[in-house]
Amino acid sequence: MSWFDLSGKSLISETDWTKEEMDNVLRVAKQLKASYYSGDPTPVLEYKTMLMLFFSGSTRTRLSFEAAMTQLGGHSQFLAPGTMRLSLEEKPGAGESIKDTAKVMGRYGDGVGIRLLDDQIDYYGQGNEVMRKVAEHADIPVYNMASDVNHPCQSLTDMLTIQEKLGKAKGNKIVLTWAYSPWVRGRCSIQGTALISSMYGMDVVVAHPEEYDLDPDVTATCEQEAEKSGGSFEVSNDMDEALDGATIVFPRNWYTADRYEIGKEKELEIANKHQDWIYTGKKQKELCDPGYFLHCMPVDRGNEADHEVCDNELSWMYDQAENRLHSQKAVLATTMK
Ligand code: CP
């Protein structure tokens, strides 16, 4: 198979693409990163436009996609839904429909990125539903820039970082642990990293207090992918036990399955019972081997992780943030062309 087969493909969930397709994109990401550091221009998307629709806030995703399009010779347009005609309500009188907005976007752009999650949705799964609807009508690739369920550009980046740092992912133990934060965060980054780590044959452990099960569909897919890849997938309700011998640790807050039924205040009450769920330098030294710190950022310092693990030599988070740029250039270059 050639990587050119990705032309026109959307990326909404990690499992939209096969492992082989992910491999090809990661290979392109490494080539584009090498070109960037060699000072060789890579204007493969000259005159192409990426439309970026941000319902929710962002630092890394917006910056990295904009820089990516610049480095590929194209242009990106930042779109704030509040300045447009679009309504997600889909009823007479509410505003312009998703279908009409998508059809028009397809006439101007060569790809659409969408971020839709957290307080901007009414129920779990809505972010992905809207993205799939845009993809159905836009006739150009749609990129999930973070939804309530998945964050494929982040998880591809995590895999790029793991491969760069360790040579290969397979056989390494990665612990994705719930961590306390009053931010009441979505599940997309954890679920995305769980999916891609399972696809790549890692020994994946998801640790969380009892209330914080991941989406059962995601868990079932991780189990199937781990079986196919020769990795393993386990769930633990004991953080210290899970950290035992961990090569990589990703500590991240996420909300319960009932987030959109019970509201944020009730979520916070539940989270407040588990303030001891924090990844610390002490746990890293005493339990892990060596416990490299993986984090999609923004990190809630002092809650999800202490300053020591954020800043010591085992922290990968800034290199990981940089890699968003190179992995997304690969996604854009292989799908828009
Ligand atoms: N990791 C990530 O998506 O960061 P932002 O929310 O800042 O875009």
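This one's a predicted model, so the numbers in the text were calculated from it and none came from an experiment. As the structure lists them, so they are numbered: ligands from 1, and atoms in each ligand from 1. All residue numbers refer to positions in the sequence shown, counting from 1.
Which parts of ligand 1 touch R324 is read off a 4.0 Å heavy-atom cut-off, strictly below it: atoms 1 (N), 2 (C), 3 (O). Atoms of ligand 1 found under 4.0 Å from any heavy atom of T61, numbered from 1 in the order shown, are 2 (C), 3 (O), 5 (P), 8 (O). Remark: ligand 1 atoms within the under-4.0 Å shell around heavy atoms of T59 are 5 (P), 7 (O), 8 (O).
Counting protein heavy atoms only, atom 4 (O) of ligand 1 is closest to R60 NE, 2.9 Å.
Using a 3.5 Å distance cut-off with no hydrogens or angles, the side chains of Q320 and T161 do not pair a donor with an acceptor. In the model, D306 has no side-chain atom that pairs as donor or acceptor with a side-chain atom of T280 under 3.5 Å.
The shortest N or O to N or O distance between C296 and ligand 1 is below 3.5 Å.
Proximity of the aromatic rings of W178 and Y212 is defined here by a centroid distance below 6.0 angstrom, and this criterion is met.
Only the backbone of M297 comes within 4.0 Å of ligand 1, judged by heavy-atom distances.
The residue among Q154, M145, H295, R115 with a heavy atom at the shortest distance from atom 3 (O) of ligand 1 is R115.
Between D100 and R85 no salt bridge is recorded (no basic side-chain N to carboxylate O distance below 4.0 Å). For R132 and D16, the salt-bridge test passes: some basic side-chain N is under 4.0 Å from an acidic carboxylate O.
Below 30°, between 30° and 60°, or above 60°: for H295 and F250 the angle between ring planes is above 60°, a perpendicular geometry.
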